[in-house]
Amino acid sequence: MKHFAFFLLGLTLLSSSGCLGQKNTKTLYQCLPCGLDCDHQTYNKPGVCKDCNMKLVKASSIKFKNITPQKVCAYIAKHPKTILLDVRTAKEYQGKADPDFGSLKNAINIPIQELEKRIKELKRYQKNEILVYCSHSHRSPQAAYLLNQYGFVRVLNLSGGMSELQNGSCKK
């Protein structure tokens with residue numbers, strides 16, 4: 001009986017030290033996506049990103065995917081029901097800003113500054129795939145993250161933004 005008790009004690013010790021294949025579930029944090037290189041750095045505790053001063057959020061809460069400018073037009077052609085969300089200002093969207101990077105055909109324009117208060121306008125698209133973009137991919141990752149927080153699960157971000165999309169067939 002003593003040997004069995006020592007065996008159980010040993011299993012308990014092994015289990016608590018993680019030696020029995022249990023994963024160490026340490027929470028990692030990343031900066032609220034800002035589109036800069038610091039988006040990929042991880043931290044062990046909440047706080048503020050040392051590079052961009054954005055709030056650090058749980059890395060597991062960042063669920064959107066990225067798509068490159070080289071693949072976006074073909075992707076839109078293959079997935080015509082994808083909702084295109086331009087989060088630039090109305091002036092940028094309309095081509096009245098300098099430089100004019102153009103816009104994607106059939107895009108909805110809701111500037112990032114208004115997105116949270118206008119989120120209800122997008123609720124009917126919650127089950128659709130949504131491709132978010134801006135001019136340089138600094139605002140669109142923030143918008144993609146916000147959409148994820150409001151329950152939109154099929155969200156893509158255009159990496160590099162419209163400034164990287166040269167003569168795309170999907171531009172208007």
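What you see is a predicted model; the values in this text were computed from it and never measured. We're numbering straight along the sequence, starting at 1.
Note on Leu158: it does not cluster hydrophobically with Val155, by side-chain heavy-atom contacts below 4.5 Å among ILVMFWY residues. When hydrophobic clusters are built by joining Ile, Leu, Val, Met, Phe, Trp and Tyr residues whose side-chain heavy atoms come closer than 4.5 Å, directly or via intermediates, Met54 is grouped together with Leu115. Hydrophobic clustering (side-chain heavy atoms under 4.5 Å, transitive across Ile, Leu, Val, Met, Phe, Trp, Tyr) keeps Val87 apart from Leu84. There is no path of hydrophobic side-chain contacts, each under 4.5 Å, that joins Ile108 to Leu156. The cluster map of Ile, Leu, Val, Met, Phe, Trp and Tyr, joined by side-chain heavy atoms under 4.5 Å apart, puts Ile112 and Tyr150 in the same cluster.
A side chain to side chain contact (heavy atoms under 4.5 Å, CB included) with Ile110 holds for exactly one of Lys117, Arg88, Glu121; it is Glu121.
Summarising the geometry of Pro46 relative to Leu56, their closest heavy-atom pair is C-CD1, 4.1 Å, with the distance given to 0.1 Å. Of all the heavy atoms in Pro33 and Asp39, the pair that sits closest is CA-OD1, 3.4 Å. When all heavy atoms of Cys134 and Ser140 are compared, the pair lying nearest together is SG-N, 3.4 Å. For the residue pair Leu36 and Cys52, the shortest heavy atom distance occurs at CD1-CB, 4.2 Å. Summarising the geometry of Glu164 relative to Pro69, their closest heavy-atom pair is CB-CG, 3.4 Å, with the distance given to 0.1 Å. Considering every non-hydrogen atom in both Ile62 and Gln30, the closest pair reads CD1-CB, 4.0 Å.
When atom types are taken as modelled, the side chain of Lys63 and the backbone of Phe152 share no donor-acceptor pair closer than 3.5 angstrom. In this structure a side-chain-to-backbone donor-acceptor pair under 3.5 Å is missing from Glu114 to Pro111. Gln126 places a side-chain N or O within 3.5 Å of a backbone atom of Gly151 that can act as its donor or acceptor partner. Listed for the Ser163 side chain is a donor-acceptor partner under 3.5 Å among the backbone atoms of Ser135.
Rounding to the nearest 0.5 Å places NZ of Lys105 at 11.5 Å from OG of Ser103. Note that the CG atom of Asp100 and the NZ atom of Lys91 stand 12.0 Å from one another [nearest 0.5 Å]. If you take CD on Glu129 and OG1 on Thr82, they are separated by 4.5 Å, rounding to the nearest 0.5 Å. Lys71 NZ to Asn66 CG: the interatomic distance, rounded to the nearest 0.5 Å, is 11.5 Å. Here the straight-line distance linking atom CD1 of Ile76 with atom NZ of Lys171 works out to 11.5 Å at 0.5 Å rounding.
Within the 4.5 Å cutoff, side-chain heavy atoms of Ile83 are placed close to those of Ile130. Proximity of Tyr133 to Asp86: side-chain heavy atoms (C-beta onward) are separated by under 4.5 Å at one or more points. Considering only heavy atoms from C-beta on, Phe64 stays 4.5 Å or farther from Leu147 through its side chain. The shortest side-chain heavy-atom distance between Leu28 and Asn44 falls under the 4.5 Å cut-off. Counting heavy atoms from C-beta outward, Cys73 and Leu165 have side chains that approach closer than 4.5 Å. Taking the side chain as every heavy atom from C-beta outward, Val72 and Leu131 approach each other to under 4.5 Å. Proximity of Met162 to Leu104: side-chain heavy atoms (C-beta onward) are separated by under 4.5 Å at one or more points. Looking only at side-chain heavy atoms (C-beta outward), Phe101 and Glu92 stay at 4.5 Å or farther from each other.
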- Task: Could you give me the CA-CA distance, side-chain angles and deciding distance for Ser61 and Gln149, then say whether side-chain contact (heavy atoms from CB on, under 4.5 Å) is met?
- Result: CA-CA 8 Å; Ser61 70; Gln149 300 312 296; 4.1 Å; yes
- Task: Please lay out, stage by stage, how Tyr145 and Val57 fare under the test side-chain contact (heavy atoms from CB on, under 4.5 Å).
- Result: CA-CA 10 Å; Tyr145 177 81; Val57 297; 3.5 Å; yes
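Within a 6.0 Å radius of NZ in Lys123, more than 12 heavy atoms belonging to other residues, nucleotides or ligands are found. Residue-environment remark: CG (Asn106) stays at or below the threshold of 12 foreign heavy atoms within 6.0 Å.
Both tests pass for Lys172 against the ring of Tyr93: distance under 6.0 Å to the centre and angle within 45° of the axis.
Cys38 has its SG atom at least 2.5 Å from the SG atom of Cys49.
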